[in-house]
Amino acid sequence: MLKELGEVIPAPANVQPVAAAHFTIDAGTAISAAPGTERVATYLAELLRPATGFDLPVTPAGGPDALPGIVGLWLDESLGAEEYRLEISGTGVTLTGGTPAGLFYAVQTLRQLLPADIFATTPQSVRWTLPGGTIVDRPRFAYRGAMLDVARHFFTVAEVKSYLDTLVQFKINHLHLHLTDDQGWRLEIQSRPALTALSGGPGTGVDGAGPGFYTAADYAELVAYAESRFVSVVPEIDMPGHVNAAQVAYPELTVDGVAPAPRTDTKVGYSSLVADKEETYAFVDDVLREVAALTPGPYLHIGGDEAQATSAAEYRTFIERVLPLVAKYGKSPIGWHEMAAVDLPPGAITQYWRTESADAGTARAAANGGKVLMSPADRAYLDMKYTAKTPLGLDWAGVVDVERAYSWDPADRLPGVGEDALLGVEAPLWSETLRSLTDVQTMAFPRLPAIAEVGWSPRQSRDWDSFRCRLAGYGPRWDIQGVAYHRSADVPWH
Ligand code: TNX
């Protein structure tokens with residue numbers, strides 16, 4: 001069945017259908033790539049070949065506009081960096097991006113406008129018809145993120161790549177990896193080998209069921225894969241709390257120098273780095289230096305949450321010494337909003353995660369010109385149960401079904417934190433109860449697309465009734481991809 005031009009998640013900013021026009025991709029279709037678009041053109045061809053069975057040769061651009069039978073990719077500097085234009089006429093398709101990232105989003109939109117079978121991995125006998133008209137689209141927020149907790153349960157490079165490929169379908173552009181916590185340390189640090197040797201191996205993770213870690217090479221591979229899909233990896237080293245796994249490996253990080261026992265339970269708020277020990281900062285310097293060197297993106301997340309075992313004075317001392325280390329290694333710091341108790345340097349980003357409807361620290365950071373990421377747990381946490389009956393997940397922030405994840409606005413959430421203060425939104429997925437990629441998918445879908453639309457679409461393009469119907473239309477696409485999703489009662493699945 002032919003899609004309507006606006007039947008896309010996240011909802012595009014401008015949609016102008018031309019009912020009389022449509023274009024069908026067939027065995028004679030070629031892809032033409034203007035200079036600078038070759039990488040995205042090749043990605044598009046690789047997306048379309050398996051299900052269509054067509055050759056779809058990628059050739060250098062021959063002319064200025066849509067030629068018969070041509071899917072043409074262009075760059076146009078008059079468009080914003082992440083902006084794109086998608087024009088579908090009776091004779092061809094033109095995708096134009098402000099940069100290759102914008103073009104990549106045009107490709108995701110094009111993919112959603114094709115029949116669901118486009119996600120098949122073998123040739124299908126389907127007419128690959130696209131609805132006619134023009135979409136001009138750009139994101140509301142620069143940062144549209146997802147977070148995965150690989151500390152409580154480790155996920156392999158292959159699993160994270162797979163998750164990433166399901167995220168980019170919704171124009172997510174940041175993947176925050178929660179790499180360290182009380183129950184495990186998941187990134188090799190060459191100057192501190194005991195971290196992964198003692199806290200990344202068998203028996204680590206919640207219930208000892210989530211062992212594993214990324215070597216520096218694994219992490220580099222993951223980061224490069226993300227970059228190839230215009231996703232920036234945001235590594236998090238959670239400090240000064242959530243550090244039991246680090247203290248198991250380096251006992252000098254405790255007050256008395258005695259290693260604590262490894263922990264596999266889900267309690268929080270009991271471990272702390274020691275703010276008045278120089279060993280602490282030597283350790284943090286080593287870790288941040290290596291993580292920064294491995295990470296091409298601009299951000300380094302230093303955690304800062306739930307430091308109940310750190311006094312307020314020690315917390316301040318610690319954060320004030322660590323923030324300059326992030327800058328020293330050329331990165332901008334992100335911290336959970338507890339960090340905003342400290343006077344933050346320009347460029348530091350505060351990530352709001354709790355359920356309250358006001359937060360003095362976050363408002364103060366915004367008043368000082370700092371940017372804020374919105375991840376309120378009662379809306380954006382993918383690890384909350386959908387309903388009381390959901391087997392996976394937690395419920396400390398309540399249950400979060402799809403309508404709840406969708407029907408809120410980040411600019412209305414906290415007094416003093418309006419549109420201009422927002423860098424964007426992020427959907428965190430904590431893994432205390434997760435044991436597999438299927439579990440990850442079941443919690444993320446279909447709520448992640450809700451948060452993606454909150455982050456991308458203009459307020460006036462958002463509508464719950466429209467969204468739930470577009471989600472229902474996405475179900476077959478997940479089925480064909482073999483992606484698990486929760487069949488929420490909020491959505492009129494076909
Ligand atoms: C709170 S959110 C935490 C995490 C837990 C999560 C579970 C945040 C910054 N800290 O340690 O995993 O709740 O939902």
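Positions are given from 1, in the same order as the sequence printed here. A quick note: this is a predicted structure, and the numbers were derived from the prediction, not measured. Numbering of ligands and ligand atoms starts at 1, following listing order.
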Checklist entry - Could you give all pairs that pass the salt bridge (Lys or Arg N to Asp or Glu O under 4.0 Å) test and reach residues 223-243, with sequence neighbours left out? => result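 For residues 223-243: D165-R229.
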Next on the checklist: Suppose the criterion is salt bridge (Lys or Arg N to Asp or Glu O under 4.0 Å): which pairs have a residue in residues 287-296, not counting sequence neighbours?
Outcome noted: D285-R289, D286-R289
Give one line per pair: atom of ligand 1, protein atom, distance. Only N/O to N/O under 3.5 Å.
from     : atom 1 : to   : atom 2 : distance (Å)
ligand 1 : 10 (N) : D305 : OD2    : 2.9
ligand 1 : 10 (N) : E306 : OE1    : 3.2
ligand 1 : 11 (O) : R152 : NH2    : 2.9
ligand 1 : 11 (O) : E306 : OE1    : 3.0
ligand 1 : 12 (O) : R152 : NH1    : 2.8
ligand 1 : 12 (O) : E432 : OE2    : 2.6
ligand 1 : 14 (O) : D383 : OD2    : 2.6
ligand 1 : 14 (O) : W396 : NE1    : 2.8

Next on the checklist: Run the side-chain contact (heavy atoms from CB on, under 4.5 Å) test against T204 and tell me which residues pass, sequence neighbours left out.
Outcome noted: R186, P211
Next on the checklist: Would you compute the distance between atom CG of L79 and atom CG of D137 and round it to the nearest 0.5 angstrom?
Outcome noted: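 Here the rounded value is 11.0 Å.
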Checklist entry - Tell me, do R462 and F467 make a side-chain contact under 4.5 Å, heavy atoms counted? => result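 Side chain of R462 against side chain of F467, heavy atoms only: no contact under 4.5 Å found.
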Checklist entry - With a cut-off of under 6.0 Å to the ring centre and 45° to the axis, is R379 in cation-pi contact with Y406? => result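 Output no; distance or angle outside limits.
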